[in-house]
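Just so it is clear, the structure is predicted and the values come from calculations on it, not from any experiment.
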Amino acid sequence: MLMTFQDAFKLLAHLDAGVMGIVLVSLQVSLTALLLGTLIGLPLGALLATEEFKGKKTITVTLNTLMGVPTVIVGVVVYLMLSRTGPLGVWGWLFTPKGMIVAQTLLTTPLIAALSRQILEDSWRIHRDSFMALRLPRISSLKWLIWDCRFSLTIAVLAGLARAISEVGAVMIVGGNIDKSTRTMTTAIALETSKGDLPLALALGIVLLGIVLLANLFTFAVREIAERRYG
């Protein structure tokens with residue numbers, strides 16, 4: 001076991017090309033999916049928090065349900081959509097990073113939308129009467145609301161990053177775990193462990209743990225800053 005750790009740290013110390021390539025693919029896919037999930041989920045959460053319309057409760061319950069849906073189910077759905085006989089098969093995105101981004105975007109969007117809805121809805125209840133008294137346009141009200149909740153919303157976005165980068169089922173199904181193309185840290189860890197290449201699997205696990213740790217430290221720092229400034 002000690003030798004395995006030593007070999008894993010050697011791979012990291014020498015910036016092994018195989019390890020770095022897998023890490024870069026993971027970051028490319030997860031960060032792109034996080035960006036798309038934020039661009040879709042945040043406005044959707046703001047809409048649900050501030051507007052009253054028919055079907056709002058149904059959408060809210062659906063988002064809350066999708067937050068906990070198993071990733072393999074998302075992977076199967078995306079696989080069917082992108083397969084040769086599927087409605088999006090002409091795009092040719094199956095077993096490519098683009099297909100993996102689609103799958104991870106479907107995982108991060110409901111999470112960010114549901115968390116941001118709850119955060120913005122609480123703030124909206126407090127400030128709604130003031131906005132109406134000042135007769136602020138709805139766009140201006142939303143901009144002020146999002147700025148006021150920026151620290152809490154940052155935590156919601158980081159939760160989306162954790163969901164994306166630690167995911168394995170959907171990217172395995174949609175990406176195919178192809179070497180130097182669609183192999184991510186999580187899928188490589190599963191593969192290399194089954195092959196008995198434990199140093200490589202452990203090295204990737206250390207990198208993945210480090211990224212999640214950094215995200216959590218950033219979340220903690222954001223929360224501390226918010227509490228000091230706003231109580």
What distance do [X] atom [atom1] and [Y] atom [atom2] have between them, rounded to the nearest 0.5 Å?
{"X": "L42", "Y": "I40", "atom1": "CG", "atom2": "CD1", "result": "11.5 Å"}
{"X": "S83", "Y": "L94", "atom1": "OG", "atom2": "CG", "result": "7.0 Å"}
{"X": "L158", "Y": "L115", "atom1": "CG", "atom2": "CG", "result": "11.0 Å"}
{"X": "L44", "Y": "S116", "atom1": "CG", "atom2": "OG", "result": "7.5 Å"}
{"X": "L208", "Y": "L213", "atom1": "CG", "atom2": "CG", "result": "11.0 Å"}
{"X": "I119", "Y": "I155", "atom1": "CD1", "atom2": "CD1", "result": "7.0 Å"}

**Prompt:** Does K56 pair with E52 as a salt bridge, N-O distance under 4.0 Å?
**Reply:**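 Yes, this pair counts.
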Less than 4.5 Å apart, side chain to side chain, heavy atoms only: is that true for [X] and [Y]?
{"X": "I173", "Y": "T71", "value": "no"}
{"X": "T38", "Y": "T109", "value": "no"}
{"X": "N64", "Y": "M67", "value": "yes"}

Say whether, by atom type as modelled, one donor and one acceptor occur between the side chain of [X] and the main chain of [Y] under 3.5 angstrom.
{"X": "S194", "Y": "L191", "answer": "yes"}
{"X": "T186", "Y": "E167", "answer": "yes"}
{"X": "S166", "Y": "A162", "answer": "yes"}
{"X": "R150", "Y": "W147", "answer": "yes"}
{"X": "R183", "Y": "N177", "answer": "yes"}

**Prompt:** Got a sec: does the CE of M81 have more than 12 other heavy atoms crowding it under 6.0 Å?
**Reply:**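 Not buried by this count: 12 neighbours or fewer within 6.0 Å.
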Hey, can you pull the donor-acceptor pairs under 3.5 Å for the side chains in residues 16-33, sequence neighbours left out?
unit_1: D16; atom_1: OD2; unit_2: G18; atom_2: N; d: 3.0
unit_1: D16; atom_1: OD2; unit_2: V19; atom_2: N; d: 3.1
unit_1: S26; atom_1: OG; unit_2: I22; atom_2: O; d: 3.2
unit_1: S26; atom_1: OG; unit_2: M185; atom_2: N; d: 2.7
unit_1: S30; atom_1: OG; unit_2: S26; atom_2: O; d: 3.0
unit_1: S30; atom_1: OG; unit_2: Q104; atom_2: OE1; d: 3.3
unit_1: T32; atom_1: OG1; unit_2: Q28; atom_2: O; d: 2.6

If hydrophobic clusters are built from ILVMFWY residues whose side chains come within less than 4.5 Å, do [X] and [Y] share one?
{"X": "L214", "Y": "L209", "result": "no"}
{"X": "W91", "Y": "V174", "result": "yes"}
{"X": "I101", "Y": "W93", "result": "no"}

**Fill in**
ring pair (Phe, Tyr, Trp, His ring centres under 6.0 Å) pairs touching residues 106-128, sequence neighbours excluded, are W124-F131, H127-W144
**Distance-only side-chain donor-acceptor flag, T62 / T65, under 3.5 Å** = no
**Item:** Residue that, paired with L204, satisfies side-chain contact (heavy atoms from CB on, under 4.5 Å) out of I206, V207, L202, L200
**Value:**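 Single pass found, and it is L200.
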